[in-house]
Visitor: 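First, the structure itself, so that you have it in front of you.
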Amino acid sequence: MRMFDLIEKKKNGKELTETEIKEMIHLYVDGEIPDYQMAAWLMAVYFKGMSDQELGNMTLAMAHSGDRIDLSHINGIKVDKHSTGGVGDKTTLAIGPIVAACGEKVAKMSGRGLGHTGGTIDKLESIQGFQTEIPKERFFQIVNDIGLSVVGQSANLAPADKKLYALRDVTDTVDSIPLIAASVMSKKLAAGSDKILLDVTCGSGAFMKRKEDALTLAKKMVAIGEHAKKTTVALITNMDMPLGENIGNSLEVMEVIELLQGKRKGELLEICIALAANMLYLAKIEKDKNITIEACEKMARDAVENGSALKKLSAMVKAQQGDVSLIEHPENFPKAAYYYDIVAQHSGYVFHMDAQQFGIASMILGAGRETKESNIDFAAGIALKKKTGDNVQVGDVLARVYTEKYDTVKEAEEIIRNAYCIKKEKPKPEKLIIAKVTKDEVIWY
Ligand code: URA
């Protein structure tokens with residue numbers, strides 16, 4: 001096999017065979033295909049796309065390029081969930097405990113944040129003492145005991161993806177739908193769960209800004225999951241404004257605790273209930289053919305209302321050596337040295353929010369990483385006081401920013417002001433759950 005021939009094939013829009021794909025990924029990981037040739041092939045994919053067969057083969061080859069987690073030591077069906085990312089996206093922290101409280105198993109590997117998107121592992125590490133790197137056996141034991149554990153991805157999980165992603169990042173081929181689908185699904189398949197629920201975010205804070213693209217990505221990822229013989233379902237959810245009210249690591253954990261205490265209603269709760277219900281359905285349908293999504297939704301709501309989901313969060317924090325008193329008293333999370341209120345200069349309605357800009361402002365305040373090596377400030381971030389659809393009067397607080405570095409406030413303020421679009425007219429409310437994609441159908445809500 002010559003890489004030159006594979007580049008030419010893809011450049012002419014032809015399909016690579018399974019053998020060619022496997023060999024290409026294998027040789028690339030081993031360093032026998034140079035970056036410049038792989039970059040040329042990725043750019044050809046960017047313009048010519050990939051067939052479902054080709055994409056399925058490439059994803060499996062990437063998933064098999066390193067460690068594969070064998071979750072058979074954990075009893076029962078294991079359901080995984082993955083979000084394609086957003087701003088203020090703390091759903092894993094709420095959904096894991098809800099699903100565990102309803103009797104199903106969540107053995108989850110999560111990532112860290114980079115750029116404008118946050119990562120679940122950073123959020124969990126804002127709980128003092130919380131261990132995200134624990135031995136595999138302990139991870140299995142915690143899930144067997146309490147139904148839930150969230151850990152960092154093992155260093156050798158899908159190394160082909162790590163290498164390809166770094167190359168895509170510097171060759172402007174990140175935003176290729178088949179390449180995103182292969183990247184996400186290679187990690188999900190290597191992580192070993194039986195069922196996969198995908199949260200494909202759509203809007204100004206997401207990779208996919210347009211519904212058509214979110215649908216294409218969702219369909220491709222579902223097809224890859226099914227190609228690998230794992231039931232895979234995707235929900236397309238609204239990320240046209242930051243999710244919930246807080247952006248930043250401990251701020252988001254505090255918001256989740258309040259949500260599980262039943263103190264927060266609204267869009268974050270509704271998205272968490274919808275995602276949790278779909279995870280529960282994927283697990284429970286194997287044992288009870290008559291289960292309905294409505295029944296799963298009720299179970300998820302009950303788990304929040306009766307406090308059992310909050311107890312699961314505490315149990316996981318305790319098992320992973322975090323300071324469990326913070327779950328009982330979230331007001332004791334360390335505070336940022338400074339806060340500053342951004343007040344409205346015009347009256348009207350918040351007509352639109354550029355969610356990505358809020359993510360960037362939060363990163364500048366210290367909550368995110370500009371590069372992989374940056375340190376993060378767990379207490380930094382933004383608490384939104386006004387969101388899309390809210391009425392605003394001159395002098396109202398739009399958002400409160402928190403930071404250790406006061407010199408970042410002016411820049412963050414300017415970004416946040418520009419990210420709020422305030423108009424005289426009230427915007428039409430948008431759907432939170434846009435569509436559900438299964439191997440058989442697309443349901444629009
Ligand atoms: N998230 C991933 O894991 N990979 C991508 O390519 C994009 C988002």
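Note that this is a predicted model, so its numbers are computed, not measured. When a ligand or atom number is given, it counts from 1 through the structure's own listing order.
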Visitor: Are Tyr420 and Phe358 an aromatic pair, judged by ring center distance below 6.0 Å?
Guide: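 Yes, the ring of Phe358 comes within the 6.0 Å limit of the ring of Tyr420, centre to centre.
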Visitor: Tell me whether Lys436 forms a cation-pi arrangement with Tyr445, defined as NZ or CZ under 6.0 Å from the six-membered ring centre and within 45 degrees of its axis.
Guide: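 Negative - Lys436 is either too far from the ring of Tyr445 or too far off its axis.
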Visitor: Under 3.5 Å, sequence neighbours excluded: what are the donor-acceptor pairs made by side chains of residues 128-137?
Guide:
residue, atom, partner, partner atom, Å
Gln131, NE2, Gly129, O, 2.8
Thr132, OG1, Glu125, OE2, 2.5

Visitor: Please confirm whether Ser183 comes within less than 3.5 Å of ligand 1 when only nitrogen or oxygen atoms on both sides are compared.
Guide: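 There is such a contact, yes.
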Visitor: Give a yes/no on ligand 1: does Thr84 have at least one heavy atom closer than 4.0 angstrom to it?
Guide: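 No, Thr84 has no heavy atoms under 4.0 Å from ligand 1.
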Visitor: If we ignore hydrogens and angles and just use 3.5 Å, is the side chain of Asp89 paired with the main-chain N or O of Gly85 as donor and acceptor?
Guide: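 Looks like no, no N/O pair under 3.5 Å.
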Visitor: Which heavy-atom pair separates Leu167 from Ala39 by the least distance, and what is that distance?
Guide: CD2-N, 3.7 Å
Visitor: Does the N or O separation between Lys187 and ligand 1 drop below 3.5 Å for any pair?
Guide: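 Yes, Lys187 has an N/O under 3.5 Å of an N/O on ligand 1.
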Visitor: With a 4.0 Å cut-off on heavy atoms, is Val174 in contact with ligand 1?
Guide: no
Visitor: I need the nearest protein heavy-atom contact for atom 8 (C) of ligand 1: residue, atom name and distance, please.
Guide: Phe207 CE1, 3.3 Å
Visitor: Kindly list each side-chain donor-acceptor pair under 3.5 angstrom involving residues 214-223, sequence neighbours excluded, with atom names and distances?
Guide:
residue, atom, partner, partner atom, Å
Thr216, OG1, Glu212, O, 2.8

Visitor: Show the atoms of ligand 1 that are less than 4.0 angstrom away from any heavy atom in Val184.
Guide: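 Every atom of ligand 1 under 4.0 Å from some heavy atom of Val184: 1 (N), 2 (C), 3 (O).
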Visitor: Less than 3.5 Å between some nitrogen or oxygen of Arg168 and one of ligand 1, yes or no?
Guide: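 By distance alone, the answer is yes.
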